[in-house]
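This report refers to the structure that appears directly beneath it.
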Amino acid sequence: MLKRLGWFYLSCLAAFTAGHMVNYGVIIYAQEVIRADLLSGVAFGLCFGPPLLLGWSAGALCDRLAPGRLIHAAQGCFVLAALLLWWADTALPTPAARVVPLVVAAALAGVGWSFVSPARMAALGQVARPEELKPASVLFNLLVMMGFGLGPLAIAVLRRGSGWPAVFLGAAALFGLASAALLAVRTRASGRVHDALGAEVREGLAAIGARPLLRQLILAAMAGYLAMGPMTVLLPKLAATTLGLSELQRGALLGTLALSLIGGGLLALLLQRRVAHGRTILVATMLAGAALAALGAVGAATSAVLLLTAVGLAGGLALSLIVAGIQAQAPDALRGRIVSVYTIISQVVPAASGVAAGALVQGFGVAVALAVCGGTLVAVTALNAWRMTALRQHGG
C-alpha cells in the first residue's frame, strides 16, 4: 500500500506542512512584525472561518469533479497567499502598509483549506482499495498531524536562516512539490447527472442522518475537537503564568503537543487491527479530557509535559480512528459531501471552543478554564458513551 500510494502521501505531507506555514505565518507576522494582536485574531478567523461557508459546496464538488483538480486549484490559492505575503514583506516599506495584503492572504488560505481538505479525503477514497481504506485513512490523518507539527518548525528554521521572505517562498515551493507529486495520482469525476448544489448538500446530510454509526462518528469528532481550541489558547497562558517558562521553553512545551498528536496517530496505526474502534474512541477521548482538566492544577513543568503528552496521545488516537471509521462508512457517491462535514468540524469546532476558552480565562483564570474545558469534554463523552449504541458496538 505504501509503495502504491507513496506519491499521494508525499503530496499530502508537503501540502499540510506548507498550509500550516501559511496559517502560523500570518498570525505570527501580525503579532511580531505589524504588532497588532487584533489583526492576528482576524487573520486566524480568516484562515479557518471560510470552510464554514464554503465547505458544504466543496464537498458537493468533490462528488462531481475529479478531486485531484480541486486539490490543484486549492493549492493555487495557497501559493497566491504565500507570494502575496512575500511581496508585501519585500516590497512595501512599512508594516502598516502590509495589513491589507496580509488580510487578503489569510482569506486566500481560508478558501484553500475549504477545498483542499475534503478533496484530499475524497481522493483517498478513490486511490485506496476498499480493504486498505481504514489503515490508509489512519496514515492520512497521521500526515495531517505531522504537517501541523512541522509547519511551525519550518517557520523557525527558515526565519533563523533568511527571514520572513524565505518562509513565504518556502511555503510556495512546498505547494509546488505537493502538486508535482500529485501528477502521478489519478482521480476521476463521477460522470453522473447532478442536481442543484443545495439539493446535493442536503442529500449528503440526509445520508449522515440515516446511518447511525456514521452520524455518531461525526458527533464523536465534534467532541474530540472540543479540546483543540482550548489547548491553542490556554497552553501559552499556562506556560507563561503558572509555569513561568522562558520563550524557548514555552515553544518546547507547545512542541510536545504536536509530537504527542503524531504519537497518537502512530498508536492508531499500530492498534487499528487489534482494538474495538468505538470503545477505544470513547475511552481515549475521556482520557484526553481528564488530562486536560488536570493540567490546570499543575505547578511544575515536568507534570505539565506528562499531562500534555497524555492529551495528545489520546486525542491523536481517537481522531485517527474516527477518520478511518468515517471513510469506511461513507458511500462512494457521497464521500465528498460526508468528509466535508468532518473537515468543517475539524476547523470550526476548535475555533469556537477557543473563543469560549478565551472568555473563561479572561473571567476566571487559566486553572479554572482548563478544568472547565477538560471536564466538559469528559461529560460530553460520557453522555455519548451512554447514548451511542452503534459507536459502542463499532469493532473496526
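All of these numbers come straight from a predicted model, not from anything done at the bench.
There is no side-chain donor-acceptor pair under 3.5 Å between Thr187 and Gln126.
With hydrogens and angles ignored, the 3.5 Å screen pairs no side-chain donor or acceptor of Arg120 with any backbone N or O of Ile71. Side-chain atoms of Arg186 come within 3.5 Å of backbone atoms of Leu183 as a donor-acceptor pair (strictly under, hydrogens ignored). Not one N or O on the side chain of Gln329 forms a donor-acceptor pair closer than 3.5 Å with the backbone of Leu214. One N or O on the side chain of Arg274 and one on the backbone of Leu270 form a donor-acceptor pair closer than 3.5 Å. Proximity of a side-chain donor or acceptor of Arg337 to a complementary backbone N or O of Ala333 within less than 3.5 Å is detected. In terms of modelled atom types and a separation under 3.5 Å, the side chain of Asn141 and the main chain of Gly265 share no donor-acceptor contact. With Ser320 contributing its side chain and Leu317 its backbone, the two residues share no donor-acceptor pair below 3.5 Å. Remark: the backbone N or O of Gly110 is paired with a side-chain donor or acceptor of Ser114 at under 3.5 angstrom. A donor-acceptor distance shorter than 3.5 angstrom exists from the side chain of Ser353 to the backbone of Val349, with no hydrogens or angles considered. Although no hydrogens or angles enter the test, the distance criterion places a donor-acceptor pair under 3.5 Å between the side chain of Trp56 and the main chain of Leu52.
Linking Ile, Leu, Val, Met, Phe, Trp and Tyr residues whenever their side-chain heavy atoms come within less than 4.5 Å leaves Leu313 and Ile262 in two separate clusters. When hydrophobic clusters are built by joining Ile, Leu, Val, Met, Phe, Trp and Tyr residues whose side-chain heavy atoms come closer than 4.5 Å, directly or via intermediates, Ile28 is grouped together with Leu84. Linking ILVMFWY side-chain heavy atoms closer than 4.5 Å, directly or via other members, places Leu259 and Met146 in two distinct hydrophobic clusters. The hydrophobic cluster containing Val348 does not contain Val380, counting ILVMFWY residues as joined when their side-chain heavy atoms lie under 4.5 angstrom apart, directly or transitively. Hydrophobic clustering of Ile, Leu, Val, Met, Phe, Trp and Tyr side chains at less than 4.5 Å, counting indirect connections, keeps Val283 apart from Leu267.
The neighbour count for Trp164 CH2, taken as heavy atoms of other residues, nucleotides or ligands under 6.0 Å away, is above 12. The environment of Arg392 atom CZ is dense: over 12 non-hydrogen atoms of other residues, nucleotides or ligands sit within 6.0 angstrom.
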Check the pair Leu217, Val323 against side chain to side chain contact (heavy atoms under 4.5 Å, CB included), reporting the backbone distance first and the verdict last. CA-CA 8 Å; Leu217 285 165; Val323 169; over 6 Å; no
Would Leu319 and Tyr225 count as a side chain to side chain contact (heavy atoms under 4.5 Å, CB included) here? Give the steps. CA-CA 8 Å; Leu319 290 172; Tyr225 278 109; 3.7 Å; yes
Trace of the side chain to side chain contact (heavy atoms under 4.5 Å, CB included) decision for Phe8 with Leu124: CA-CA 8 Å; Phe8 177 74; Leu124 180 63; 3.8 Å; yes
How far apart are the C-alpha atoms of Leu308 and Met231, what are their side-chain angles, what is the distance that settles it, and do they pass the side chain to side chain contact (heavy atoms under 4.5 Å, CB included) test? CA-CA 9 Å; Leu308 189 56; Met231 285 192 291; 4.3 Å; yes
Would Gln327 and Arg335 count as a side chain to side chain donor-acceptor pair (under 3.5 Å) if you check the C-alpha gap in whole Å, the side-chain angles of each, and the deciding distance to 0.1 Å? CA-CA 8 Å; Gln327 281 279 32; Arg335 186 177 306 280; 2.8 Å; yes
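A distance of 10.5 Å separates NE2 in His394 from CG in Leu282, rounded to the nearest 0.5 Å. Residue Met21 holds its CE atom at 5.0 Å from CG of Leu158, rounded to the nearest 0.5 Å. Between the CG atom of Leu143 and the CZ atom of Phe140 there is a distance of 8.0 Å, given to the nearest 0.5 Å. To the nearest 0.5 angstrom, Ile208 atom CD1 is 12.0 Å from Leu213 atom CG. Remark: Leu234 CG to Leu360 CG distance equals 8.0 Å, nearest 0.5 Å. The distance from the OG atom of Ser346 to the CE atom of Met121 is 8.0 Å, given to the nearest 0.5 Å.
When side chains are defined from C-beta on, Val372 does not count as touching Phe364, because their heavy atoms never get closer than 4.5 Å. Side-chain contact between Leu377 and Cys373: absent, with no pair of heavy atoms (C-beta onward) separated by less than 4.5 Å. In this structure the side chain of Leu83 never reaches within 4.5 angstrom of the side chain of Phe168, judged on heavy atoms. Taking the side chain as every heavy atom from C-beta outward, Leu39 and Val103 approach each other to under 4.5 Å. Side chains of Leu292 and Leu370 form a contact here, defined as non-hydrogen atoms less than 4.5 Å apart. With contacts defined as side-chain heavy-atom distances shorter than 4.5 Å, the pair Cys12/Phe16 qualifies. In this structure, Pro51 and Thr343 have side chains that are not in contact, with every pair of non-hydrogen atoms separated by 4.5 Å or more. Taking 4.5 Å as the limit, every side-chain heavy atom of Gln393 sits out of range of all side-chain heavy atoms of Met388.
Pro135 approaches Gln272 most closely through the heavy-atom pair CB-NE2, 3.7 Å. Annotation for Ala314 and Leu287: closest pair CB-CB, 4.3 Å, computed over non-hydrogen atoms. Of all heavy-atom pairs between Gly325 and Lys134, the closest is CA-CE, 4.5 Å. Nearest heavy-atom pair, Ala369 versus Ala357, reported as atom, atom and distance to 0.1 Å: CB-O, 4.3 Å. The minimum heavy-atom distance linking Val22 with Ala109 is given by the pair CG1-CB, 3.9 Å. Across all non-hydrogen atoms, the minimal contact from Gly336 to Cys62 is CA-CB, 3.8 Å.
Separation of the Trp113 and Phe78 ring centroids falls under the 6.0 Å cut-off.
The only option from Leu85, Ile155, Asp89 that meets the side chain to side chain contact (heavy atoms under 4.5 Å, CB included) definition with Tyr29 turns out to be Asp89.
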